[in-house]
Peer 1: 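Here you go, one structure.
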Number of protein chains: 2
Amino acid sequence: MSAKTTDTKQEILSIGRDLLKKVGYNAFSYSDISKQLNIKNAAVHYHYPTKEDLLADIVNNYIEDYKKLELGLANSNLKTVDKISVFADRYAHLIDMESICIIGSVASDFYTLPEAVKDKVVSLTNLVLGMVAKVLEKGRADGEIFFKEEAHTKALLIMTNLAAGVQLARITGKKDFESIRTALIDQLKK
Amino acid sequence: MSAKTTDTKQEILSIGRDLLKKVGYNAFSYSDISKQLNIKNAAVHYHYPTKEDLLADIVNNYIEDYKKLELGLANSNLKTVDKISVFADRYAHLIDMESICIIGSVASDFYTLPEAVKDKVVSLTNLVLGMVAKVLEKGRADGEIFFKEEAHTKALLIMTNLAAGVQLARITGKKDFESIRTALIDQLKK
DNA sequence: GTCTATATTCCGATAGAC
DNA sequence: GTCTATCGGAATATAGAC
């Protein structure tokens, strides 16, 4: 139990993660978090002394999550198209949560982020792009999917479709995201 | 001259536009603007009583800009691929300005925007998507470009590639955006 | 160890000077 | 008409109570 993190800290992390994806780093305050937990805003500072500390933990948390997802996909029996669908489903779910993806959120706020966090954001982004590229490359080698670009470029195309797709959905509706999802899956089937 | 807008107001609008695209609606203050003009922050309030007024004018300004661009493209002799390239070039330029596209910026901050502005954002977005879709549809009818999706869907795919492409470039570098640009133009040539 | 009372700074906005 | 001095409130953060 020595490594156990308190429930309060876990809840702060979870609420912070949701707020980051819903309104962005500059638009939420410690008060927004403390009110949800019925504590004073300063209590949040005990667990995370500065907002930068909280943000850093959120990003680290996503790095861990994506490492697990990468392992899960690598060890799964899913067909390549279904692996990409798993990925697309995660983005579709964001829309229902009134969220955008973590990378899009911090990218929009990038020039206002603490320097130390920017490095972590780069790591997270490279992790996700690399994961998608690997899935695509293997799928093509196995003859399951088709694309002519480099795997890294194709990963960029798909990732940007999804990331900006959830952003656009806030403005024009979820139907547009579904059109994007369907189209990019169809493209892989050639 | 009766309709003339003061230089100060014009400069406020211009600086506000730049700040909106660089750091987002919640991350800039009237002080950021007033300092650049060597006036007091309250002087900005004379020209734009509330921050919402400024944001609304910025979005309206973009609507006018894009209407002009749409007319310009419709009356031009450019080939379809070059019209899309004009569009992609605008996005590439944003990266050099440390900016992201206006639609991506307000989409990320959407749930913190004043209600009245959200409607304008919807109009702007539909305007841009419609413009791109029209260019694509005409280009396909003229046999200049090829794509199998509906024109609206293809516009979504291209727009999201570009919008999230400039966001990603902040994190992983401009080279990734150039890969995206090259790939999406190549796709149109089939 | 966990949280509250309090300080400090900066925000958007108003009232009033020139 | 244009801008400055100033207000009320909210933000992040510290010091100290329990």
Side-chain angles (χ1 to χ4, degrees), chain A residues 1-20 22-59 105-106 108-109 111-118, chain B residues 1-20 22-59 105-106 108-109 111-118:
Chain A
M1 275 295 184
S2 64
K4 182 177 179 298
T5 308
T6 64
D7 286 349
T8 302
K9 187 168 186 176
Q10 276 292 344
E11 287 180 299
I12 291 170
L13 179 65
S14 175
I15 295 169
R17 203 169 35 192
D18 291 346
L19 285 168
L20 179 65
K22 178 170 181 181
V23 299
Y25 184 61
N26 297 295
F28 77 86
S29 70
Y30 272 29
S31 280
D32 293 328
I33 296 174
S34 63
K35 279 173 191 160
Q36 289 194 42
L37 294 172
N38 283 315
I39 55 179
K40 299 295 169 183
N41 89 82
V44 181
H45 282 279
Y46 164 69
H47 299 281
Y48 291 105
T50 71
K51 207 176 169 183
E52 170 174 352
D53 294 322
L54 173 58
L55 178 64
D57 209 22
I58 292 172
V59 177
S105 174
V106 294
S108 296
D109 293 337
Y111 288 111
T112 71
L113 299 185
E115 287 301 322
V117 177
K118 289 184 186 175
Chain B
M1 274 296 182
S2 64
K4 181 178 180 299
T5 308
T6 63
D7 285 351
T8 303
K9 186 167 186 175
Q10 276 291 344
E11 286 179 300
I12 291 170
L13 180 65
S14 175
I15 294 169
R17 203 167 36 194
D18 291 346
L19 286 168
L20 179 66
K22 179 169 181 180
V23 299
Y25 184 62
N26 296 297
F28 76 86
S29 70
Y30 271 29
S31 281
D32 294 328
I33 296 173
S34 63
K35 278 173 192 161
Q36 288 194 41
L37 295 172
N38 282 314
I39 57 179
K40 299 295 170 184
N41 90 80
V44 180
H45 282 279
Y46 165 67
H47 297 283
Y48 291 104
T50 71
K51 206 176 172 186
E52 170 175 351
D53 294 323
L54 173 57
L55 178 64
D57 209 22
I58 292 173
V59 176
S105 174
V106 293
S108 296
D109 294 337
Y111 289 112
T112 70
L113 299 186
E115 287 301 321
V117 177
K118 289 183 185 175

Peer 1: Give the rounded distance in Å between these two atoms: CG of B:D7 and C1' of D:dT2.
Peer 2: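 Distance check: B:D7 CG to D:dT2 C1' gives 13 Å.
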Peer 1: Compare all side-chain heavy atoms of B:R17 with those of B:L20 and state whether any distance is below 4.5 angstrom.
Peer 2: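 B:R17 vs B:L20: side chains apart.
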Peer 1: Do B:K22's NZ or CZ and the ring of B:F28 fall within the cation-pi criteria of under 6.0 Å and 45°?
Peer 2: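 Cation-pi check for B:K22 and B:F28: fails.
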Peer 1: What is the distance from atom CD1 of B:I39 to atom CD1 of B:I12, rounded to the nearest 0.5 Å?
Peer 2: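 So the gap between those two atoms works out to 5.0 Å.
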Peer 1: Please say whether the positively charged group of A:K40, taken as NZ for Lys or CZ for Arg, lies over the ring of A:Y46, i.e. under 6.0 angstrom from the six-membered ring centre and within 45 degrees of the axis.
Peer 2: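 The answer is no; the distance or angle limit is not met.
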Peer 1: Please determine whether side-chain contact (heavy atoms from CB on, under 4.5 Å) holds for the pair B:Q10 and B:D7, giving the CA-CA distance in whole Å, both sets of side-chain angles, and the decisive distance to 0.1 Å.
Peer 2: CA-CA 5 Å; B:Q10 276 291 344; B:D7 285 351; 5.5 Å; no
Peer 1: I need a per-nucleotide contact map over nucleotides 3-18 of chain C, read 5' to 3'. Cutoff is protein heavy atoms under 4.0 Å; write B for the base, S for backbone only, - otherwise.
Peer 2: BBB-----SSBB----
